[in-house]
2 protein chains.
Amino acid sequence: MIDTPAASIFHKAGAVAHGTIVLSFINKTKPKMTALSDTSRARRHSAAHCSTCAMRHLCMPEGLCANDIAKLENIISVTRKVKRGDALFRTGDRFDALFAVRSGSIKTVVTHDGGREQVTGMLLAGDALGFEGIEEGEHTCDAIALEDSSVCVVPYSLFERMCRETDALQRRLHRMMSHAVNREANHVVRLGMLRADERVARLLLDLSSRLSKRGYASSEFTLRMTRDDMGSYLGMTLETVSRTLSRFDKAGFIETQGKFIRIRDFDALRAV
Amino acid sequence: MIDTPAASIFHKAGAVAHGTIVLSFINKTKPKMTALSDTSRARRHSAAHCSTCAMRHLCMPEGLCANDIAKLENIISVTRKVKRGDALFRTGDRFDALFAVRSGSIKTVVTHDGGREQVTGMLLAGDALGFEGIEEGEHTCDAIALEDSSVCVVPYSLFERMCRETDALQRRLHRMMSHAVNREANHVVRLGMLRADERVARLLLDLSSRLSKRGYASSEFTLRMTRDDMGSYLGMTLETVSRTLSRFDKAGFIETQGKFIRIRDFDALRAV
DNA sequence: CGGACCTTTGAAAGTTTTCAAAGTGGGTGG
DNA sequence: CCACCCACTTTGAAAACTTTCAAAGGTCCG
C-alpha cells in the first residue's frame with residue numbers, strides 16, 4: 001500500500017481562537033512513495049492521527065502519476081479546524097468546497113421547519129462530506145463538529161477541473177459520491193425496517209467496524225455524540241436510546257459507562 | 001428553453017415479448033434546436049410523453065455545443081423497456097450503465113436478510129437512477145417497474161469519458177449525483193422525524209409536485225404503487241397507510257378511490 | 001367471468017413517546 | 001483545588017401511536 005506521510009502534506013495551523021474557525025494556508029512538500037513507517041501513529045488519539053485516513057479516501061494519490069500528484073497537492077493544501085459544537089458549514093451557505101475529515105468527527109443536521117432537528121450523518125476521520133451542496137450550489141444541511149476536529153478543504157471548481165484531466169481522480173470522485181448515496185440508502189433502510197433496539201445495535205456495530213478500519217479497537221470506544229444525537233440519528237427519542245443501552249448492558253451484550261462503550265457480544269448484537 | 005423533440009432521438013422498440021426485456025438499438029438523427037412545438041404531447045398519458053422529461057435531466061443537450069451533442073447522441077442511443085413487475089436491474093448485477101426513466105415509473109427495493117423488503121425510491125419519468133452501483137461496480141438494490149416503462153440506457157464508461165471532455169456534461173452528472181444524495185437525505189428526514197400521517201401527507205404532496213412538474217394535473221393522479229409499496233417506502237405497514245388515507249378522505253383533505261387520488265386541500269395536507 | 005391480488009376496517013397487543021423526577025459528570029470560576 | 005452548575009443520562013408510569021391478526025369487500029387483469 002502506497003501512502004503519503006501525513007505530516008508532509010498536512011501541517012497544523014497555529015493557535016486557534018476560541019469559538020472561531022481558522023483557515024491555514026500551508027506549504028506543501030513532495031509526497032514520498034513509502035510504506036507507513038511509523039505505525040504507532042495510527043494508535044494515537046483521534047485528534048492526532050487521522051490524516052492517514054482522510055488520505056485513503058480523498059487525498060491519497062494511489063493510482064496517480066507523479067505529475068498528477070503534484071497537481072493534486074496544489075488543490076488539497078488547505079486544512080480547516082472546527083471546534084466542538086461549531087459549524088463547518090450551515091444550510092444555505094454557498095457550496096464551494098468538499099471536505100474530508102482529517103481528525104475528530106462531524107455530524108450533519110437538517111433543521112425541520114419548527115425547530116426540530118434530525119441528525120442525518122455521522123462522519124469519522126477519513127469520511128468525505130459536502131456532496132449535498134453540489135446540486136444547488138448551496139449546502140442543504142449543517143455540519144457540526146462533535147469534538148474539536150480538522151478537515152481537508154477541497155476547492156470544488158479546481159477539483160472538478162482536475163477530474164477532467166485525470167481519469168483516476170474522476171473515478172475516485174464518482175465512487176465517493178456513489179458511496180454517499182449508499183450511505184444514505186443504508187440509513188433509510190435502518191430507519192424504515194428496524195425497530196428501536198435493532199437500530200441501536202446496528203449503530204454500535206457500524207461505529208465499531210468503522211473505528212476498527214481506522215486502526216482503533218473494535219470492541220471499546222468512547223462515543224462523541226450524546227444520547228440525543230444518537231436518537232435523532234436513529235429516529236427515536238433519547239430516552240429510548242438510553243433504555244435500550246441499559247437493556248443491552250443488563251443482557252451482557254455491552255458495558256456502558258456514559259459515553260464509553262465496550263462490546264462484549266458481537267453476535268448477540270447482530271442477532272437483536 | 002432549448003429542447004430536442006423526443007421522437008428524433010428516441011424511437012420505440014418493436015414488439016416486446018411477455019415478461020422479457022428488450023434492448024432496442026436505434027438510429028439517431030440530428031436534434032433540432034427548436035422550442036417544443038407540440039405542447040399537447042406533455043398532456044398525454046404517462047406512458048407516452050415522458051422522453052421530454054428524461055431529456056431535461058440527462059439527455060437534453062442544453063448548454064452543449066453541436067459537436068458535443070453529436071457525441072452525446074452516440075452514447076444515449078439505447079432505450080430499454082421493462083414490463084410491470086420486471087427488474088431493470090437487481091442487487092448484485094454488474095453496474096455498467098446509468099438509466100433515465102423515459103416513461104412509466106420504477107421503484108428501487110433493498111431486500112433485507114430475512115426476506116423483508118424496503119422500497120427506497122420511487123422514480124418517475126425524467127428521474128435518473130443507477131448511481132448506487134458506481135461505488136462497487138455492482139448494483140446495491142433492485143429496480144422494479146411499477147408499470148410498463150421504458151428507460152434511456154447510458155453506458156457508464158463512455159459517459160464518464162465524455163464528461164471528461166465536456167465540462168457542461170460533467171457538471172450535469174455531478175448535479176445529478178448530488179440530487180440523488182439529497183433525495184435519499186430527504187427520505188431519511190421523512191422517516192426519522194415524521195409520524196405516520198405526516199409521512200403519508202408528504203408523500204402525496206411530493207408526488208403531486210413531481211407530477212405537476214412533468215405536466216400533469218397536480219391535484220389528481222393515479223398511484224402506480226400499491227398500499228404495500230407506499231408502506232414499505234414510508235416505513236410503516238400497508239394497513240396504517242390505508243387507515244391514514246381513509247382518515248384524510250373523511251377529513252376532506254383528499255378523495256380516494258383505490259389507486260386514484262384527488263387532493264382537495266393542499267394546505268391541510270401540509271399542516272398535518 | 002374468475003381468481004389472484006389489493007384494500008379496508010376492527011380489536012387486541014406491542015412498541016415508543018411523553019412527562020416527570022432524580023442522578024451523574026465534567027468543566028469552570030472562585 | 002474544590003464546589004457548583006449546567007448539560008447529559010437514567011428510570012418510571014401513563015399515554016399515544018403503530019402493528020398484528022383477522023375477516024370481508026373490491027378491483028383488475030388475463
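The chains referred to below are lettered A, B, ... by the order of the sequence lines, with proteins before strands, and numbering in each begins at 1.
Nucleic acid contact for B:Ser242: base, since at least one base atom lies under 4.0 Å from a heavy atom of the residue. At the heavy-atom level, B:Arg195 lies under 4.0 Å from the strands shown only through sugar-phosphate atoms. Residue A:Leu238 is classed as a base contact, given a heavy-atom separation below 4.0 Å to a base. If you check every strand for non-hydrogen atoms under 4.0 Å, A:Gly235 touches sugar and phosphate atoms only.
Of the residues near DNA chain C, A:Thr240 and B:Arg84, the one whose nearest nucleotide (by heavy atom distance) lies more toward the 5' end is B:Arg84. Of the two residues contacting DNA chain C, namely A:Ala196 and A:Gln257, the nearest-nucleotide position lying further toward the 5' end is that of A:Ala196.
Taking only distance into account, the side chain of B:Arg243 meets the base of D:dT20 through a donor-acceptor pair shorter than 3.5 Å.
Between the side chains of B:Thr237 and B:Thr240, at least one donor N or O sits under 3.5 Å from an acceptor N or O. Of the N and O atoms on the side chains of B:Thr256 and B:Asp249, at least one donor lies less than 3.5 Å from an acceptor on the other residue. Between the side chains of B:Ser150 and B:Thr79, no donor-acceptor pair is found at a separation under 3.5 Å.
For A:Lys259, no side-chain nitrogen or oxygen approaches OP1 or OP2 of C:dG25 to under 4.0 Å. Regarding contacts with the backbone of C:dT17, a side-chain N or O of A:Thr237 is found under 4.0 angstrom from either OP1 or OP2. Taking 4.0 angstrom as the limit, A:Arg227 places a side-chain polar atom (N or O) nearer than this to OP1 or OP2 of D:dT10.
Atom-to-atom, CE of B:Met225 to C1' of C:dC5 comes out at 17 Å; the value is rounded to the nearest Å. The separation between B:Ile261 atom CD1 and C:dT7 atom C1' is 12 Å, rounded to whole Å. Look at CD on B:Glu239: it is 14 Å from P on D:dA23, rounded to the nearest Å. Protein atom CD of B:Glu255 is 14 Å distant from nucleotide atom P of C:dT8, rounded to whole Å.
Once rounded to the nearest 0.5 Å, the distance linking CZ of A:Arg243 with NZ of A:Lys250 reads 10.5 Å.
Side-chain proximity of B:Thr226 to C:dT7, C:dC19, C:dG10: nearest is C:dT7.
Considering A:Thr120, A:Thr108, A:Thr91 as possible partners of A:Asp142, the one that fulfils the side chain to side chain donor-acceptor pair (under 3.5 Å) test is A:Thr91.
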